[in-house]
Amino acid sequence: MHIGIYWLLLLASEDGELCLKSGKRFEFLEHTADVYIAAYGRTLEEAFANAAIATFEVMTDSDKIAQIVEDSVEIEAYDEKALLYTWLENLLINFETKGTLYSGFEISKIEKTPDGLRLKAKIRGEPFNPDKHPQKVGIKAVTYHRMEIDKKPGKVSIRFILDI
Amino acid sequence: MGEEKEYRGPPPKVPLEKISEFMWRIPQKYKRGMRVPGLVLADAELLEKMKTDRTLDQCANVAHLPGIYKYAITLPDGHEGYGFPIGGVAATDYEEGVVSPGGVGYDINCGVRLLTTNMSEADIRPKLVELTNAIFNNVPCGLGSRRKDFHVTFNELDRIAREGVPWLIEQGLGWKEDIEHCEERGHMEAADPNKVSSAAKNRGITQIGTLGSGNHFLEIQKVNKIYDPKVAKTFGITHEGQITVMIHCGSRGFGHQICSDYLRVMERAVHKYKIELPDRELACAPGNSDEAQDYYQAMACAVNYAFANRQAIAHWVRQSFEQVFKKPAETFDLKLVYDVAHNIAKIEDHKVNGETKKVWIHRKGATRAFPPNHEAVPADYRPVGQPVIIPGSMGTSSWLLVGTVKAMEVSFGSTAHGAGRMLSRAAAKRQFWGGDVKKTLESRGMVIRAASQVVLAEEADPAYKDVDKVAEVSDKLGIATRVVRLVPLAVVKG
């Protein structure tokens, strides 16, 4: 309880945090042609996980994705933006090649490597079933356009656009 | 990179000099790194819309590309994209210039094909619902959908990537004469599947022969108005009320992944070749570098994949007519008018200051619009010019235009490609509900079949600019002139 309150107070100062106060892990922002997402977290890992949920929310109702199957993801990239890009792209590839929708994202710590950064995660979901999972829009690609990663102690907010 | 914060808040005010009613110049001095001016082709109304987002600033950014000729061009339907605006053309020198995957976009060879029939509205009305259902069942659309009887091996995928439409026709998915009526005769020679990643192939193999979702669609249409009867007749359109079919889709995950893979390659190339750019998504490499050549050969695979994708879909449309009317498709004269790419890079010859130059043409949200007597135009159309197909948004009109000599002079043989969004998807969803959108369209006599209610709301036609205006401005500029206006009778959406 105390931790929860502390978290909210900590997050109450800047733009986007109204969403956190109301418990939102991500939100869809205005963009004319495509999907513009803001995702939040206490850590970079949490924000990346919430970005992943938002990505599946574009395609279906992520609440309706049960966590039955598990896959592993291990990716490397030279900076944080490239890591976010590669992370979300990897999830898209997993969806398109395995037909699995995901809703559980357990990211172990993002580590530094000699060439940049490494992310390891367990991702959980279930096969796409059009009778169970309402169809929204397919995603073509992740983009760097307007991508932002804003890190403050205990509060990370990221923004990105998906091409649909 | 540092450029991203400027995307917060209103777009920068970009200086414009009026050249004529439909032509505006962004002076080269606007940004220090600009190598040429920007040229915006729009009327005052379309220009006002461009000022509300970053279209014009992005046009100025494109003018930074090494080796760019004449000007960075934004077309009447221009809107904000990633790095490059959507609805634009950039030509760079074949030797000294750069190639940029962003100048083509993620959906490589997103394009349109148009089929004609010898039927009229009265012939089709009684069976319209049945026919639309047949097409909706036969053409996979929406998330994760595919045909159970159409699977390819990795070996066959490579053949599609290398050979495009001719390979599908060899397999029995089409008519031989379809080949002649595709841009590039349905395949680019440069394609080399060895330049395509396994991730792209894994995405591509499950999606060949699928429409996808978002703004992609398939429509049964009727000819609403003929503007140029002579040219229309050459294209196989003889009377108002004649039935046509339009297919709008691209290279699916195969092309998206190829773009994404090569953006990474190009980011490294930008450092390697010390190219200074105002935006990360303009990443590029010198045309004669391995990076650029590899991209071009991989891109050509996606181009061929997309042509083949539309060919397979057209084949299933013909089968749907056969199923419903119980006669062979030939009796309906379901001929391919043309298949054009909207997102593509090409090597072409163009006149620059009176001299013929070999250039890399980037068309992103742009349609090639070649004039009469150009050797790239199919022989039977050569006397009149290349067909240009501009799809509208769901439920609105679409257009058939024809390429002109003026397009060669003004816009490197190119014109607009569509309506261009006006409302964000979020705003569209707030204003419309899928069920209502369907009802409104149905009350206008249209049959609607969609895999997703959300897509219906997001693609509601007030969310788009007026495609009639875009076609009109193209016509008045003379970069492609109006031939036929088409209106939908039935819409199939992902």
Side-chain angles (χ1 to χ4, degrees), chain A residues 15-16 27-37 56-61 75 77-82 85-86 88-90 92-101 127-130 133-150 158-164, chain B residues 1 4-5 7-8 52-53 79-83 86 102 105-107 110 142-145 199-200 202-207 212-216 250 252-253 255-257 259-260 263-264 267-268 279-281 283 420-427 429 450-455 458-459 463 494:
Chain A
D15 63 318
E27 64 184 313
F28 294 107
L29 307 170
E30 290 295 322
H31 184 263
T32 316
D34 290 300
V35 176
Y36 190 17
I37 293 169
F56 283 92
E57 188 64 31
V58 173
M59 295 188 264
T60 187
D61 285 353
I75 49 163
Y78 68 88
D79 66 8
E80 282 172 353
K81 283 187 182 172
Y85 184 104
T86 308
L88 298 174
E89 181 183 80
N90 195 285
L92 269 187
I93 294 171
N94 265 291
F95 166 63
E96 287 192 5
T97 59
K98 296 178 181 157
T100 310
L101 290 167
F128 172 56
N129 169 2
H133 304 117
Q135 284 200 42
K136 295 187 190 168
V137 192
I139 297 168
K140 286 180 182 170
V142 188
T143 76
Y144 281 115
H145 187 54
R146 297 192 181 193
M147 190 186 276
E148 295 177 40
I149 299 179
D150 186 21
I158 60 185
R159 289 178 173 219
F160 58 97
I161 285 180
L162 300 173
D163 184 13
I164 62 171
Chain B
M1 298 295 282
E4 60 277 347
K5 284 288 180 193
Y7 281 111
R8 297 279 184 98
T52 64
D53 62 24
H79 57 98
E80 182 181 323
Y82 323 112
I86 295 161
Y106 287 99
D107 199 354
C110 181
L143 219 54
S145 168
N202 282 324
R203 287 179 78 174
I205 202 161
T206 60
Q207 295 181 357
S213 73
N215 64 345
H216 293 155
R252 314 287 286 109
H256 312 156
Q257 191 62 39
C259 176
S260 191
L263 276 175
R264 273 195 196 91
E267 278 204 301
R268 289 193 293 273
D279 191 322
R280 192 170 188 162
E281 296 247 6
R421 280 195 82 90
M422 197 123 102
L423 276 183
S424 74
R425 288 173 191 277
K429 270 186 286 195
S452 163
Q453 292 291 304
V454 172
V455 169
E458 291 183 351
E459 297 290 323

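Only a predicted model underlies this, so the values are computations on that prediction, with no experimental measurement involved. Lettering of chains follows the sequences in order, A, B, ..., and the numbering in each one begins at 1.
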> Given heavy-atom pairs under 4.5 angstrom as the criterion, report whether the side chain, backbone, both or neither of Ser260(B) touches chain A.
both
> When you compare the side chain of Glu281(B) with that of Met147(A), does any pair of heavy atoms fall below 4.5 Å?
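Not in contact.
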> At what distance, to the nearest 0.5 angstrom, does CG of Asp163(A) lie from OH of Tyr82(B)?
3.0 Å
> Specify which of Leu29(A), Thr60(A), Thr86(A) makes the most heavy-atom pairs with chain B at under 4.5 Å.
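Of the candidates given, the most pairs with chain B belong to Thr86(A).
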> Check each atom of Ile139(A) against the heavy atoms of chain B and say whether the ones under 4.5 Å are side chain, backbone, both or neither.
backbone
> Holding to side chain to side chain contact (heavy atoms under 4.5 Å, CB included), I want the full list of residues that pass it with Thr97(A), two or more places apart in sequence or in another chain.
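In terms of side chain to side chain contact (heavy atoms under 4.5 Å, CB included), with neighbours along the sequence ignored, Thr97(A) is linked to Ile93(A), Asn202(B), Arg203(B).
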> Test Asp79(A) against Arg280(B) for salt bridge (Lys or Arg N to Asp or Glu O under 4.0 Å), laying out the working first.
CA-CA 13 Å; Asp79(A) 66 8; Arg280(B) 192 170 188 162; 3.6 Å; yes
> So, do Lys136(A) and Val455(B) sit near enough that their side-chain heavy atoms are less than 4.5 Å apart?
no
> To the closest 0.5 Å, what do you measure between CD (Glu96(A)) and NE2 (His256(B))?
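Glu96(A) atom CD to His256(B) atom NE2 measures 7.5 Å (nearest 0.5 Å).
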> So, His145(A) side chain and Gly81(B) main chain: donor-acceptor pair closer than 3.5 Å or not?
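Checking the backbone N and O of Gly81(B) against the side chain of His145(A), a donor-acceptor pair under 3.5 Å is found.
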> Taking the side chain as C-beta and beyond, is there a heavy-atom pair between Lys429(B) and Phe28(A) under 4.5 Å?
no
> Let's test your reading of the structure: which of Asp107(B), Thr52(B), Thr206(B) forms the most heavy-atom pairs below 4.5 Å with chain A?
Asp107(B)
> Measure distances from Ile205(B) to the heavy atoms of chain A and classify the residue's part below 4.5 Å as side chain, backbone, both or neither.
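Neither the backbone nor the side chain of Ile205(B) comes within 4.5 Å of chain A.
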> Which heavy atom in Ser213(B) sits nearest to a heavy atom in Gly138(A), and how many Å separate them?
OG-N, 2.8 Å
> Any donor-acceptor pair under 3.5 Å linking the side chain of Gln135(A) with the backbone of Ser452(B)?
no
> For Tyr85(A), check ring pair (Phe, Tyr, Trp, His ring centres under 6.0 Å) against everything at least two apart and list the hits.
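Result, ring pair (Phe, Tyr, Trp, His ring centres under 6.0 Å) vs Tyr85(A): Tyr144(A).
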> Quick check on Arg252(B) against chain A: is it the side chain, the backbone, both or neither that has a heavy atom closer than 4.5 Å?
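For Arg252(B), neither part sits under 4.5 Å from chain A.
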> Any non-hydrogen side-chain atom of Glu89(A) less than 4.5 Å from a side-chain atom of Gln257(B)?
yes
> Identify the two heavy atoms, one from Tyr106(B) and one from Val142(A), that lie closest to each other, and give their separation to 0.1 Å.
OH-O, 3.0 Å
